Amino acid sequence: MFDRMIDAQPANGSTDVFFASFLIGLREGLEAALIIGILLAYVGKLGRDDVKQKIWLGVWIAVGLSLALGALFTFGRYGLSFTAQEVIGGSMSLLAVAMVTWMVFWMMNTGSKLKDELQTGVDRALLIGSGWAIFWLAFVSVAREGIETTLMLWGWAGNLVAAAGAVVGILIAVGIGYLFNRGMLRINLRVFFAWTGTFLIIVSAGVLAYGIHDLQEAAVLPGPFSGSPITPTNFRTGEVLTGFTDSPFWAAAYPFGWAFNLEHVIEPSGMLAAFLKGTVGFVPLMSWLEVTLWALYLAIVFPFFIRQVIRARKEASDRAKGGKSRAHQTPTPPSDRRSDALETADAQQGEI
């Protein structure tokens with residue numbers, strides 16, 4: 001995975017790598033910022049300013065854990081054998097795909113109810129005792145996003161452009177979260193999470209392909225590196241079969257040969273290859289197992305995600321209609337008009 005994702009491409013692919021890592025940092029950072037903002041605002045509303053220190057302690061410990069994990073992934077692999085690196089890299093890629101896929105669906109399903117759920121959790125935590133349960137709530141929320149970000153960016157370990165993109169995205173996310181929770185900025189979070197979720201699903205498909213390639217190189221999964229009798233080869237030249245039409249018969253290369261080899265058409269270290277690799281997970285040389293699982297992932301996950309987006313949009317529309325009908329039917333005291341207006345606006349936009 002490292003060889004395929006950290007090619008020396010500062011001149012050609014740096015913009016694509018920066019943009020991809022920026023969006024990952026922005027998405028993950030904004031989720032964490034919104035959750036922490038809701039926690040801080042609610043405990044302040046309850047007059048429990050003493051709990052804020054515990055929330056911030058959980059945040060900083062989670063940030064430190066994420067940085068330590070990133071350093072371990074970056075520097076710890078250098079003392080490992082090639083096979084060990086590929087096994088760990090492939091396994092971490094598959095774990096990242098599972099975590100990010102779950103997170104995308106969870107946020108689309110929970111986003112509009114996140115504020116109420118967090119406030120309920122705070123109420124329960126404060127009933128337990130001194131507020132250390134809220135520390136764990138803050139810690140787990142930030143650590144989850146930090147670990148997901150680390151796993152998604154691990155393939156760019158050592159790439160300063162990718163690191164810069166992620167840091168910029170996280171910093172902007174923190175600023176947006178601050179302005180949003182202070183009431184100085186309004187964002188249609190439903191639309192934001194729908195678009196960024198789409199991007200993350202596409203990126204996850206690419207990470208899945210990278211992980212499969214790593215495990216094939218380590219001979220954990222069968223493929224072009226397994227050798228005879230698993231790997232389909234040309235009995236005359238010994239080369240691994242490629243595509244559907246390579247000899248000795250149609251589709252002989254499937255499923256453990258190469259799906260295609262376009263390295264003579266697309267320079268592996270060029271701008272186009274870097275752009276495709278950073279967006280859809282395409283590289284000029286891919287095995288049939290990589291391509292098959294990449295396509296299956298998108299074919300299965302995307303329809304479910306689109307259905308989730310449509311359902312979230314319908315629920316937001318229903319809440320907006322309900323808020324408008326209540327506003328017309330029930331006279332609102334002047335002191336409550338502002339909160340009702342905010343509630344209706346939130347329902348219209350599907351915001352937290």
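Worth knowing before you read on, the calculation uses all heavy atoms, side chains too, and leaves out hydrogens, waters and symmetry mates. Keep in mind that this is a model prediction, so the values were computed, not measured.
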Should E148 and E145 be marked as a side-chain contact (heavy atoms from CB on, under 4.5 Å) after you check the CA-CA gap, both sets of side-chain angles, and the distance that decides it?
CA-CA 5 Å; E148 287 175 358; E145 307 301 336; 3.4 Å; yes
Under 4.5 Å between any side-chain heavy atoms of [X] and [Y], yes or no?
| X | Y | value |
| --- | --- | --- |
| L241 | T233 | no |
| L26 | I170 | no |
| P224 | Q216 | yes |
| V63 | L67 | yes |
| T231 | F225 | no |
| R27 | W195 | no |
| E31 | F193 | yes |
| P255 | L289 | no |

So which heavy atom on [X] is nearest to which on [Y], and how close?
| X | Y | answer |
| --- | --- | --- |
| T242 | A253 | N-CB, 3.9 Å |
| G223 | S226 | N-OG, 2.9 Å |
| A143 | A62 | N-CB, 3.5 Å |
| A173 | A33 | O-CB, 3.8 Å |
| A273 | P268 | CB-O, 3.5 Å |
| A96 | L151 | CB-CB, 3.6 Å |

Looking at [atom1] of [X] and [atom2] of [Y], how far apart are the two atoms once the value is rounded to the nearest 0.5 Å?
| X | Y | atom1 | atom2 | answer |
| --- | --- | --- | --- | --- |
| I36 | K52 | CD1 | NZ | 13.0 Å |
| F18 | L160 | CZ | CG | 12.5 Å |
| I306 | I201 | CD1 | CD1 | 8.5 Å |
| S93 | D214 | OG | CG | 5.5 Å |
| F304 | T101 | CZ | OG1 | 12.5 Å |
| L30 | L34 | CG | CG | 4.0 Å |

Partners passing side-chain contact (heavy atoms from CB on, under 4.5 Å) against [X] (at least two apart in sequence or in another chain):
| X | answer |
| --- | --- |
| V87 | T83, S91, A218, V220 |
| L296 | T292, L293 |
| S204 | V97, V100, M152, Y297 |
| W56 | L40, V59, W60 |

Test side-chain contact (heavy atoms from CB on, under 4.5 Å) on L215 and L94 and set out the steps.
CA-CA 10 Å; L215 295 177; L94 299 185; 3.8 Å; yes
Can you get from [X] to [Y] by hopping between Ile, Leu, Val, Met, Phe, Trp and Tyr side chains that sit under 4.5 Å apart?
| X | Y | answer |
| --- | --- | --- |
| V174 | F192 | no |
| L23 | F302 | yes |
| I230 | V240 | no |
| I300 | V291 | yes |
| L200 | W102 | yes |

Give the C-alpha distance, both sets of side-chain angles, the deciding distance and a yes or no for side-chain contact (heavy atoms from CB on, under 4.5 Å) between I55 and F135.
CA-CA 5 Å; I55 293 176; F135 159 83; over 6 Å; no
Which residue is it: Q53, K54, R48? I am looking for the one with a side-chain hydrogen bond (donor to acceptor under 3.5 Å, both in side chains) to D50.
R48
Angle between ring planes, W136 versus F139, binned at 30° and 60°: parallel, tilted or perpendicular?
perpendicular
If you look only at distance, which donor and acceptor atoms sit under 3.5 Å apart when one is on a side chain in residues 256-267 and the other is two or more places apart or in another chain?
residue : atom : partner : partner atom : Å
N261    : OD1  : E263    : N            : 3.2
H264    : ND1  : N261    : O            : 3.4
E267    : OE2  : S269    : OG           : 3.2

Would V43 and I134 satisfy side-chain contact (heavy atoms from CB on, under 4.5 Å), going step by step from the backbone distance to the final call?
CA-CA 10 Å; V43 298; I134 298 179; 4.2 Å; yes
Mind checking what makes salt bridge (charged side-chain N to carboxylate O under 4.0 Å, His left out) contact with K45, not counting sequence neighbours?
none
W106 six-ring face occupied by R144 cation (under 6.0 Å, within 45°):
yes
Check the surroundings of atom OH in Y178: do more than 12 heavy atoms from other residues, nucleotides or ligands lie under 6.0 Å from it?
no
Decide if the gap between the ring center of W294 and the ring center of Y210 is smaller than 6.0 angstrom.
no
